[in-house]
Amino acid sequence: MDEELLKALNKSDILGFYIYSTGGYIVYANNAFCNFVGYTPEELKQTKLIDLIDESYKKEADGIIKRRLQGEDFVVELQEILYKTKQGFIRPAMNFCYTATYNNNYAGIVIVVDQAKQKIYEIFYRILSNINRIISETENEKEALEKICKVISEEKGIDLAVIGAPDPKKLSYKPLFAYGGKAYKTLFKKSKISIDPQKPSGRGTIGQAYWTKKIVSVGDVYKNDNLSYWRDLQKRFGVYSICSIPLLRYGKTEYILTLYSKIKNLFSEEYLFLFENIKKVVSAALEKFEINKLNRILLTAIDKSFDLTVVADKNLKIQFVGGRIEQILGYKKEEILGKPFKILIYETADESLFGFYRKLRKSNLFSEVALCKAKNGTPRKVMLQISQIKSDTTYYIAAIKDITNEKVLIKAIDDILKKDPLTGLLNRDAFIDAINRFIERAKYKKILGGVCIINPVQFSSINEMFGFEAGNEILKSIAKRITAFLRSYDVVAKLETSRFGVLFKDMSNTEDIISVSSNLLNLLSKPYKTKDGRAIQMIFNFGVSVFPVDGKTADELLLKAHFSLKEANRNSPSISFYKEEIKEKITKSLKIKMEAEKALSKKEFALFYQPYFETLSQKIAGSEALVRWIKEGNIISPIEFIPVLERSNLIDRFEKYIVDHAINALKKIPKPLKLSINITPTNLKNKAFVDFLTKKAGDFSKNISIEITERLLLENLSKAREILTQLKDNGFSISVDDFGTGYSSLSYISNLPIDTIKIDICFTRKMVEDAKTRAIVNTIIYLARQLNLKTIAEGVETKEQLEILKEFGCDYIQGYLLAKPMPESEFLQLINSNF
Ligand code: C2E
Ligand code: MG
Ligand code: MG
């Protein structure tokens, strides 16, 4: 190294620098290193390097020191070291060492980078992944807290971890779990702690954390007057750093996690945001923690050491290269010395050299994942840390770690940050991201989103009764059922404990959200099989909020969904929405569902019959069975209750009842007359129902027309064809109801075994004054005839409509003009008088 550089290092207050020589004594150290270990330069000169090194590294370090002093030239071998300071606390550092000569003796030259930062990220990374794991696999709150306390205490550097609960009435504090060294636990037990601000015992970090609801951290207890009350214990313990983290539930401090360490400034201000993350995650994983970019980068660099160091002068000309440059970039050292630093930088569209220099000039420490250019021109992904040191002249020291092949590590970190370990679903953070991304897109369109929190009621008792394993299996099954139910672009996540979150994207109205969530509720409520063959029945509650009505950010929507869930939990199983009007809709449909069940037993459903007529002769050609719910003298329209029944498992019973009554009525008609029966897609897709229908109809099937909706055709065409063919084979005829309102076209229908199309009432209504509609109706009728299909016009109310239909050649008409739906007796009378 040239003299200039040595001078620069000497003045650096970022990088520590020392030289050791004969006998292993330190012969030179710069101020930064003196500060780092807490000794004066004079004291250091009488100190053997080995005495500055922590026990755990001593043996290895001793070997290296000896080899260097014998003149062996090798680069850094032991990079991470724990130094022991004068005050007796421990400091982690990164070391870059080289063999050199000093006053004609062999010597070791060492550059020291304070590594507290990396260390803390490392610790944080492990704590966080452990907490994530614990939260996902532990149902019981206390158990989870205890486990969390324990894993934190197992981190090197953390000597004691305590979780306690404040009592706001008595202003007292009760430790619940304490893990760490035995001696420390004993000492902790002796310390009097409260949350009473009037007393010294309540003014410590725990008391402060309780009152401020904020993390309170102290880097040096001896410099903090609030903590002087415990001075004696602190000295016996040797503690320097304390950090109290309040764990909140719905804004209330339930517990306080306190960490104690003998390392000074371990929880310094700078790292508070990391502990903030722990606070959020542990606070029943209620809030998200944000991990900033730097954090991610450092996490990727956790894999300790750097591969290569490069020193450049103020003009960014390379002055020194150490480490594995040839393996990583393909250059020989000599090839690169004196060259501009930029030859190592790979320019991309996003990252220009100019940008790189600007960043570099702006700050003393540059730390990023960047691309380096290898000799053959290919990019290498590296973790690049550049420190700028200024003395008479400026130097740049770059520490480079090749992470080209560390995708696995990056992915692992990404997974920890985004995925729930048990189910593999997204975790809460990723869920929030997904909601925000959806909002970004949805706010410019007229679409709704439903955020739904799914709560399996009393899941903890499943764990208790069937064991942990079975509980986990069920959670996985729930995850599978939800995933299979959703459309591919919807989002499902595993939230805290046993809860799940779902985002229904791109919904066109709130009814759809009600409908999908209640279908999902039905699906989840089916029994779960355990490995040993037992069937477990579970109850679910859903709390739902709707974008944009209930909120315009993910946080807001989740909060409202939580509020809704609280309400749902009051009368499980249920689905609760946040907004009154949606709530009304859902209460209405729930009420209908409940009352419909009773109505079925009480036979409150009656069939009305509406005839239809030949258009030209106006003779009765057939009739349609239309259901009515007669409830306490009022008639409820099928439009209100059929969709509700269809979403519940009652539709099967209900339509069997209808079929039964309709066929009985048909048998009473003296002369064969066609009867149309409306059947929902749900039942048509059910083989058992179709079998029932066929059996019930027997020979009468030739007098029955099944009215289907276009929806049946849309969902799965080949399945629909199969069903219709079967019905045809059994003698039924088929009508397509409400033709023209859906997507089906005549060419589509011409390939299916269909006999009749019923032109929807809206065409009949509009065609009088609207020429376009008239043209459409005309075309439909014309084409239908070409395809051998009969046409029925629905909802004919006026003579004018009748005239137009006559002119167009529509086969049949149905509507109030000629007959309204009527009770069975009236209908039979009408028939009798007509024959
Ligand atoms: P849909 O099958 O299209 O039935 C025709 C609807 O139009 C009936 O309403 C009928 O009363 C009404 N309507 C008939 N002529 C006129 C008219 O001239 N003017 C007006 N404004 N309306 C007329 P309803 O009975 O309220 O039934 C509504 C829908 O409920 C039916 O539409 C059908 O989709 C469904 N539905 C009714 N009964 C059953 C049933 O037993 N099973 C099933 N699955 N669905 C049914
Ligand atoms: Mg109909
Ligand atoms: Mg219709």
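For ligands, and for the atoms within them, numbers begin at 1 and follow the listed sequence.
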Exercise for the section: Assess K758 for proximity to ligand 1: is some non-hydrogen atom of it under 4.0 Å away? Expected result: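 It does not; every heavy atom stays at 4.0 Å or beyond.
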Exercise for the section: Give a yes/no verdict on whether any heavy atom in K820 is under 4.0 Å from an atom of ligand 1. Expected result: no
Have a look at [options] and point out the one with the heavy atom closest to [atom].
{"atom": "atom 16 (C) of ligand 1", "options": "Y612, F654, Y657, Y816", "answer": "Y816"}
{"atom": "atom 38 (N) of ligand 1", "options": "I636, V627, L607", "answer": "V627"}
{"atom": "atom 37 (C) of ligand 1", "options": "S637, P643, P638", "answer": "P638"}
{"atom": "atom 20 (C) of ligand 1", "options": "E794, E797, E624", "answer": "E797"}

Practice task
Can you measure from OG1 (T682) to CG (N686) and round to the nearest 0.5 angstrom?
Solution key: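 Here the interatomic distance stands at 9.0 Å.
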Exercise for the section: State the CG-CZ distance between N436 and F438, to the nearest 0.5 angstrom. Expected result: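 One finds 11.5 Å between CG of N436 and CZ of F438.
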Practice task
State whether a side-chain donor-acceptor pair under 3.5 Å links N569 with N541.
Solution key: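 Note: N569 and N541 side chains meet the donor-acceptor criterion.
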Using a 4.0 Å cut-off to any heavy atom of [X], which atoms of ligand 1 qualify?
{"X": "D738", "result": "3 (O)"}
{"X": "I658", "result": "41 (O)"}
{"X": "R628", "result": "11 (O), 24 (P), 25 (O)"}
{"X": "E707", "result": "2 (O)"}
{"X": "T680", "result": "44 (N)"}
{"X": "I761", "result": "19 (N), 20 (C), 21 (N), 22 (N)"}
{"X": "E655", "result": "42 (N), 43 (C), 44 (N)"}
{"X": "R765", "result": "21 (N)"}

Problem - Step-by-step side chain to side chain donor-acceptor pair (under 3.5 Å) determination, T423 to D420 - result: CA-CA 6 Å; T423 58; D420 167 62; 2.5 Å; yes
Exercise for the section: Indicate if the distance from the Mg ion (ligand 3) to the nearest N, O or S atom of D738 falls below 2.8 Å. Expected result: yes
To which protein heavy atom is [atom] closest, and what is the distance rounded to 0.1 Å?
{"atom": "atom 46 (C) of ligand 1", "value": "I642 CD1, 3.5 Å"}
{"atom": "atom 31 (C) of ligand 1", "value": "L626 CD2, 4.3 Å"}
{"atom": "atom 29 (C) of ligand 1", "value": "I639 CG1, 4.1 Å"}
{"atom": "atom 15 (N) of ligand 1", "value": "Q610 NE2, 3.0 Å"}

Handout entry: is_close_aromatic(F605, F654), centroid dist under 6.0 Å
Key =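 Yes, ring centres under 6.0 Å apart.
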Problem - Sidechain-backbone polar pair: K560 side chain, D550 backbone, donor-acceptor under 3.5 Å - result: yes
Problem - Side-chain donor/acceptor of R481 to backbone N/O of L523, under 3.5 Å - result: yes
Practice task
Indicate yes or no: at least one non-hydrogen side-chain atom of R785 is less than 4.5 angstrom from one of K790.
Solution key: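 Contact flag for R785/K790 side chains = no.
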Practice task
Look at atom 6 (C) of ligand 1 and say whether a protein heavy atom is found at less than 4.0 angstrom from it.
Solution key: no
Problem - Distance flag for atom 9 (O) of ligand 1, protein heavy atom under 4.0 Å - result: no
Is the shortest distance from a Lys or Arg side-chain nitrogen in [X] or [Y] to a carboxylate oxygen in the other one below 4.0 Å?
{"X": "K598", "Y": "E604", "value": "no"}
{"X": "K806", "Y": "E803", "value": "yes"}
{"X": "D660", "Y": "K656", "value": "no"}
{"X": "E440", "Y": "K443", "value": "yes"}
{"X": "K674", "Y": "D755", "value": "no"}

Handout entry: N or O pair under 3.5 Å between N678 and ligand 1
Key =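 Indeed, backbone or side chain, N678 has an N or O that close.
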Practice task
Look at atom CD of E597 and say whether more than 12 heavy atoms of other residues, nucleotides or ligands are closer to it than 6.0 Å.
Solution key: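 12 or below, so no.
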Problem - D737 contact mode with ligand 1 (heavy-atom cut-off under 4.0 Å) - result: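 It is the side chain that gets close, since no backbone atom is under 4.0 Å.
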Exercise for the section: To 10°, measure the OD2(D737)-the Mg ion (ligand 2)-OE1(E707) angle for me. Expected result: 80°
Practice task
Could you tell me the angle subtended at the Mg ion (ligand 2) by OE2 of E624 and OD1 of N678, rounded to 10°?
Solution key: 90°
Practice task
Please name the residue in the list E794, K820, Q814 that meets the side chain to side chain donor-acceptor pair (under 3.5 Å) test with Q610.
Solution key: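 So, applying the side chain to side chain donor-acceptor pair (under 3.5 Å) to Q610 and each of E794, K820, Q814, only Q814 qualifies.
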Exercise for the section: May I ask you to check if any N/O/S atom from E794 comes under 2.8 Å of the Mg ion (ligand 2)? Expected result: no
